[in-house]
Number of protein chains: 2
Amino acid sequence: MMKNDAHTLLFSELAEIARTLGHAHRLMLLEHIAQGERPVERLADLTGLTIANTSQHLQLLRRAGFVETRREGKRVLYRLGNGPIETVLASLRAYAEHTRAEIRDLVSDPINSNGRLDSISREDLLERLAAGSVTLLDVRSSEEYALGHLPGALNIPADELEQRLTELPSSHEIVAYCRGPYCVLSTTAAEMLEARGFRVRRLASGFPDWKAADLQVEQAAA
Amino acid sequence: MMKNDAHTLLFSELAEIARTLGHAHRLMLLEHIAQGERPVERLADLTGLTIANTSQHLQLLRRAGFVETRREGKRVLYRLGNGPIETVLASLRAYAEHTRAEIRDLVSDPINSNGRLDSISREDLLERLAAGSVTLLDVRSSEEYALGHLPGALNIPADELEQRLTELPSSHEIVAYCRGPYCVLSTTAAEMLEARGFRVRRLASGFPDWKAADLQVEQAAA
DNA sequence: AGATCAATCAATAAGTTGCTTGAATGATTA
DNA sequence: TAATCATTCAAGCAACTTATTGATTGATCT
C-alpha cells in the first residue's frame, strides 16, 4: 500500500518527537537542563556520559526542539526549548504512574509502596505561601539553586541537611522540593526530617514545573 | 559512573513508554483502535501492514498498556487501554504543533498554511449542541460509526458526501468530525461543503477525544 | 478427529541507534 | 600566529528494531 500522504507524515513527525524522548539518557539531560542553562561538559558530568555522547544526545533533543543553544565564549550553553515540554513530560509521567498503579493492584509490589509521604500540589503550595504558613526548602545543589529557585526558598543541599537542622523551623510546616517528580532528593529529605519530628511535605512537582507555569523565579546574580 | 538507581529506572520506564509511541505505524494502529475494538486482521487491513507485523506492533503497544485484548472465538479483539492515553497523545500533538508553528514563522511554509478552516473545540460544541443550533456530521466509515459515535450525529462517509448533499441542512451550522486531529477526512469534507455554500466547521478533536472525556457515546447494536 | 482460520511466535535479513574513538571546527588566550 | 579549550563531526562497531517468512498455537466447524 505504502501511502505517503499528509496523514502518514504527521504521524511520522509525532513519532519522531516521541522517539526523541525514548531514551533514559536524554530524559536525564532534559531534567538537568530544566534546572537552568548549562554547557555540554557540565551536563556530561552530571549524567556520567562522555562528552561526545552527551553532545550527540543533545543534538537529537535540539532537532526536536526540546532544547536550544547559545554560544558564550568557547562553551555552548543548552537551555530548555520554549514549547509545552513540561506538559508532555507531565502527561507521560501521569500515564506511567497509572499503569504502574494497575500493576501494583495485581501483584502487591514492595518497591512502589514506599511510605507514600504526603506531597503537596503547586496550587496548594501557592495558597499556603500566600498565607505565610510554610517554609520552602530547596534541597538541590547550590549550583542549581543559583540558576533559579522558588521565591523565598531556603537552600540546604540534601547531603548537608543532617548537619544543618538548626536552620529549620520546628514550629511550622516545611515544604521540600527538588528537580522534579522523578528526583528523589526531596523524598529522602522529607523522610529524614519527618523522622526527626519536623512537619514536612514534599512538592509533587519540582522546580521546572514551577518555572513552566510562568511563576516567579529568583536567581543569583550572573 | 553507571548508577542504576531508582531514579534511572524511572527514566527508563518513561523512556520505554515514549519509545512505544515512537513509530508511525504504532500511532496509526492506536488511532484505529481508538475508534473501537477490532481484530488484528482488520487493523492490518486498515493500516496496510502484514498481519504478523501488525501483531508485533500491537504486542509492543500492549506491553506499554496502550491497548488491551480479549478473545472472541478465533479472533483477538484489541481495544484502547484505560490509562490517560488521549492526554499523552494530545500533549504530543500540541507540542508538535508548537514547534511546527515556530518553523512556519521562520520560513513561510506553504504546506502548513492550508486554508486554516475554522475549527471548534469540544467545549464549544457542547454549548452549541445544548442550544440545538448545530447538525453533527460524522464523515468516517459506517463501520467506525457503528462502533461508536457522538450522540445524534448523522453519518455520511466522506467519499459519499458529494452525492448526498441533500441530506444536509443549508439553514444552520454543520460540525463535521472524524477520527482525530490528524485525520484529514473532516478537513477535506468541510472545505468541500464550504465551497458549496454550507456553513460548516470541523471539530478540532475527533471521536476518541470525545470518548476519553467520558462523554456519552451512541453505538449500534452488537 | 481432521480441516480451517486467526493470531502469535521464531528466525532471519535489513536498517537504525547508541557509544567510542580520534580528527576537525570555532573561539579564546598567550 | 600558535596554543588551548569546548564542542561537534565522522567512522566504526555492537546492540537493538523493524519487516518478512514460515512454523506453531488456540479455537471453531464439519
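Residue numbering restarts at 1 for every chain, and letters A, B, ... go by the order of the sequence lines.
- The salt bridge (charged side-chain N to carboxylate O under 4.0 Å, His left out) contacts involving residues 80-90 of chain A comprise A:Glu86-A:Arg93, where partners must be two or more places apart or lie in separate chains.
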Name the atoms and distances for all side-chain donor-acceptor pairs under 3.5 Å in residues 11-18 of chain B, with sequence neighbours left out.
residue	atom	partner	partner atom	Å
B:Ser12	OG	B:Thr8	O	2.9
B:Glu13	OE1	A:Arg100	NE	3.4
B:Glu13	OE2	A:Arg100	NE	2.8

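- By the salt bridge (charged side-chain N to carboxylate O under 4.0 Å, His left out) test, A:Glu123 is found to be paired with no residue, residues two or more places apart in sequence or in another chain being considered.
- Rounded to whole angstrom, the span from the CD atom of B:Glu72 across to the P atom of D:dC29 amounts to 12 Å.
- Every residue meeting the side-chain hydrogen bond (donor to acceptor under 3.5 Å, both in side chains) condition with B:Glu160, not counting sequence neighbours, appears here in chain and number order: B:Arg164.
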Inset, instruction - Going 5' to 3' through nucleotides 3-16 of chain D, assign each nucleotide B (protein heavy atom under 4.0 Å from a base atom), S (under 4.0 Å only from sugar-phosphate atoms) or - (no protein heavy atom that close). - result: --BSSBB-------
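- Looking at heavy-atom distances under 4.0 Å, B:Leu43 makes no contact with the nucleic acid at all.
- Note: B:His57 and B:His23 have tilted aromatic rings, judged against thresholds of 30 and 60 degrees for the angle between ring planes.
- Applying the side-chain hydrogen bond (donor to acceptor under 3.5 Å, both in side chains) rule to B:Thr188 yields no partners; only residues at least two apart in sequence or on another chain are considered.
- A salt bridge (charged side-chain N to carboxylate O under 4.0 Å, His left out) check over residues 18-32 of chain B, counting only residues at least two apart or in different chains, returns the pairs B:Glu31-B:Arg179.
- With sequence neighbours excluded, the residues satisfying ring pair (Phe, Tyr, Trp, His ring centres under 6.0 Å) with B:Tyr145 are B:His149.
- Here chain A contacts DNA chain C (any atom closer than 4.0 Å to a heavy atom, that is under 4.0 Å), and the contacts span C:dT17 to C:dT28 from 5' to 3'.
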